[in-house]
Amino acid sequence: MNANIDALTRSVLEQMGRTPAPRLRQIMQSAVRHLHAFAEEVELTPEEWLAGIAFFTATGQMCSADRQEFILLSDTLGLSSLVNLLHDCGGLEQATESSVLGPFYRETAPRLAAGDSIARIAQGGTAVQYYGRVTDVQGRPLPGAQVQIWQTDADGWYDIQLHDQELVDMRGNFTCDENGWYLARSVLPKSYPLPADGPVRRMLDAQERHGYRPAHIHFLISAEGHKELVTALYLEGDPYLESDTVFGVTSAELVVAPKQDEAAPIRELPAIRYDFRLARGSAESGRVGADVSKINLG
Ligand code: BEZ
Ligand code: FE
């Protein structure tokens, strides 16, 4: 029986061996080797594989112009974080650690002035200031760097979960000053559960996973001649910090706590100071993200 299985795997690899594009050949042959080994290891039954196909079908059917269930699946399998980590390892320069982009990024964040609050509609919560410098890996400031910030409100909701698309809240674009400083006001975010209405949620339930992300603040930072940085800061003490459902807390370096800070620009507010380091390179970050409009559906 094993000889037949080996012969089957070999003949699939042989057919694919004629693929002219070398990278496609490498990826597909490796995928087939691992897929066949996986099916063999778990002795996959026809009923189980049909259940798997039904799951992937439902995942595809859940996708729309503004919902990408396959990215959510990739996130909850840790694959998005793995691919991003592999991407970051490729660089020689030690930039700030990255984190997942997530499905709540929007290109429509308003341009705000230094010190403005991104909480423009949301009420309540603990007021806070975020400030720091954007520099290159040598610590040289990057004047004019763009800092986009987005997060949940104090109850754990993103604007698009609460309002029509036109109402934008808890997000903003800031421009660093001539010394690379940025400053924004906000309120502390809260941990929140992933969407509860799709096949990925059903998978999490079957695995008895809580499905929460720890409270975090997303940052997308860009500066000319430097690689775009997509990252997030996570609040110390959050109960889900060690068990993030999408494995976004890739480094202790990204865990922060608000404190009273004499050096902070706004005296009366607790501060989270964070300095971001950008590696040199082209702007395109090439990350696994949920900017669904950029996915080529053929
Ligand atoms: C988020 O942080 O917004 C997020 C990231 C990955 C999956 C779901 C949500
Ligand atoms: Fe998020």
Side-chain angles (χ1 to χ4, degrees), residues 59 62-64 66-85 87 96-109 118-119 122 125 128 130 147-163 165 168-172 184 186-205 207 209-221 229-236 238-251 254-256 272 274 285 287-295:
T59 301
M62 203 69 205
C63 293
S64 66
D66 39 34
R67 170 94 179 247
Q68 234 304 338
E69 194 77 358
F70 275 111
I71 293 184
L72 196 60
L73 179 60
S74 157
D75 294 341
T76 54
L77 297 177
L79 191 57
S80 305
S81 272
L82 173 62
V83 172
N84 290 342
L85 284 173
H87 176 75
T96 299
E97 288 289 335
S98 66
S99 192
V100 281
L101 180 72
F104 298 111
Y105 167 74
R106 285 290 174 271
E107 281 178 352
T108 51
I118 62 169
V128 64
Y130 307 139
V147 177
Q148 181 168 162
I149 304 175
W150 70 105
Q151 62 167 85
T152 68
D153 64 14
D155 297 318
W157 298 105
Y158 283 94
D159 54 358
I160 47 176
Q161 297 175 295
L162 294 175
H163 309 292
Q165 294 284 337
V168 177
D169 197 24
M170 301 307 299
R171 53 184 85 229
S186 186
V187 291
L188 290 176
K190 192 170 180 268
S191 43
Y192 60 86
L194 300 191
D197 57 347
V200 170
R201 181 71 236 192
R202 289 201 294 279
M203 176 191 79
L204 296 174
D205 288 344
Q207 295 167 343
R209 292 164 68 184
H210 54 62
Y212 272 77
R213 293 222 65 206
H216 57 275
I217 308 131
H218 291 276
F219 289 85
L220 189 155
I221 303 181
L229 172 69
V230 176
T231 193
L233 300 180
Y234 295 87
L235 295 187
E236 192 178 277
D238 188 284
Y240 302 108
L241 210 50
E242 306 292 328
S243 58
D244 181 3
T245 307
V246 303
F247 309 95
V249 195
T250 45
S251 163
L254 299 177
V255 179
V256 296
I272 292 176
Y274 207 88
S285 67
R287 309 187 60 76
V288 179
D291 190 352
V292 181
S293 62
K294 293 205 175 118
I295 295 174

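When reading the values below, keep in mind they use all heavy atoms of this one structure, side chains included, and skip hydrogens, waters and symmetry mates. In each ligand, atom 1 is the first atom listed, and ligand 1 is the first ligand listed.
Remark: side-chain polar atoms of S74 are not paired, donor with acceptor, to backbone N or O of F70 under 3.5 angstrom.
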- Query: Hey, mind stepping through W150 and F104 against ring-ring contact (aromatic ring centres under 6.0 Å, His included) and telling me if it holds?
  - Reply: CA-CA 8 Å; W150 70 105; F104 298 111; 9.8 Å; no

Only pairs under 3.5 Å count here: list side-chain donor-acceptor contacts from residues 191-201, not counting sequence neighbours, and write none if there are none.
{"residue": "Y192", "atom": "OH", "partner": "Y158", "partner atom": "OH", "Å": "3.1"}
{"residue": "Y192", "atom": "OH", "partner": "H216", "partner atom": "NE2", "Å": "3.1"}
{"residue": "D197", "atom": "OD1", "partner": "R67", "partner atom": "NH1", "Å": "3.0"}
{"residue": "D197", "atom": "OD1", "partner": "R67", "partner atom": "NH2", "Å": "3.1"}
{"residue": "D197", "atom": "OD2", "partner": "R67", "partner atom": "NH1", "Å": "3.4"}
{"residue": "R201", "atom": "NE", "partner": "D205", "partner atom": "OD1", "Å": "3.2"}
{"residue": "R201", "atom": "NH2", "partner": "D205", "partner atom": "OD1", "Å": "2.9"}

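Taking the ring centroids of Y240 and H210, they lie under the 6.0 Å cut-off.
Judged by distance alone, the side chains of T231 and S98 never bring a donor and an acceptor atom under 3.5 Å apart. Checked by atom type, the side-chain pair Y212/S243 shows no donor-acceptor distance below 3.5 Å.
The pair D155-K190 does not count as a salt bridge, with every side-chain nitrogen at least 4.0 angstrom from each carboxylate oxygen.
Atom CD1 of I160 is separated from atom OG1 of T108 by 8.5 Å, given to the nearest 0.5 angstrom.
Listed by chain and residue number, nothing satisfies the ring-ring contact (aromatic ring centres under 6.0 Å, His included) test with Y130 (two or more places apart in sequence, or in another chain).
Using a heavy-atom distance under 4.0 Å as the criterion, the protein contacts of ligand 1 are L72, D75, G102, P103, F104, Y158, Y192, L194, R213, H216, H218, V246.
The count of protein N, O or S atoms under 2.8 Å from the Fe ion (ligand 2) stands at 4, with waters excluded from the count.
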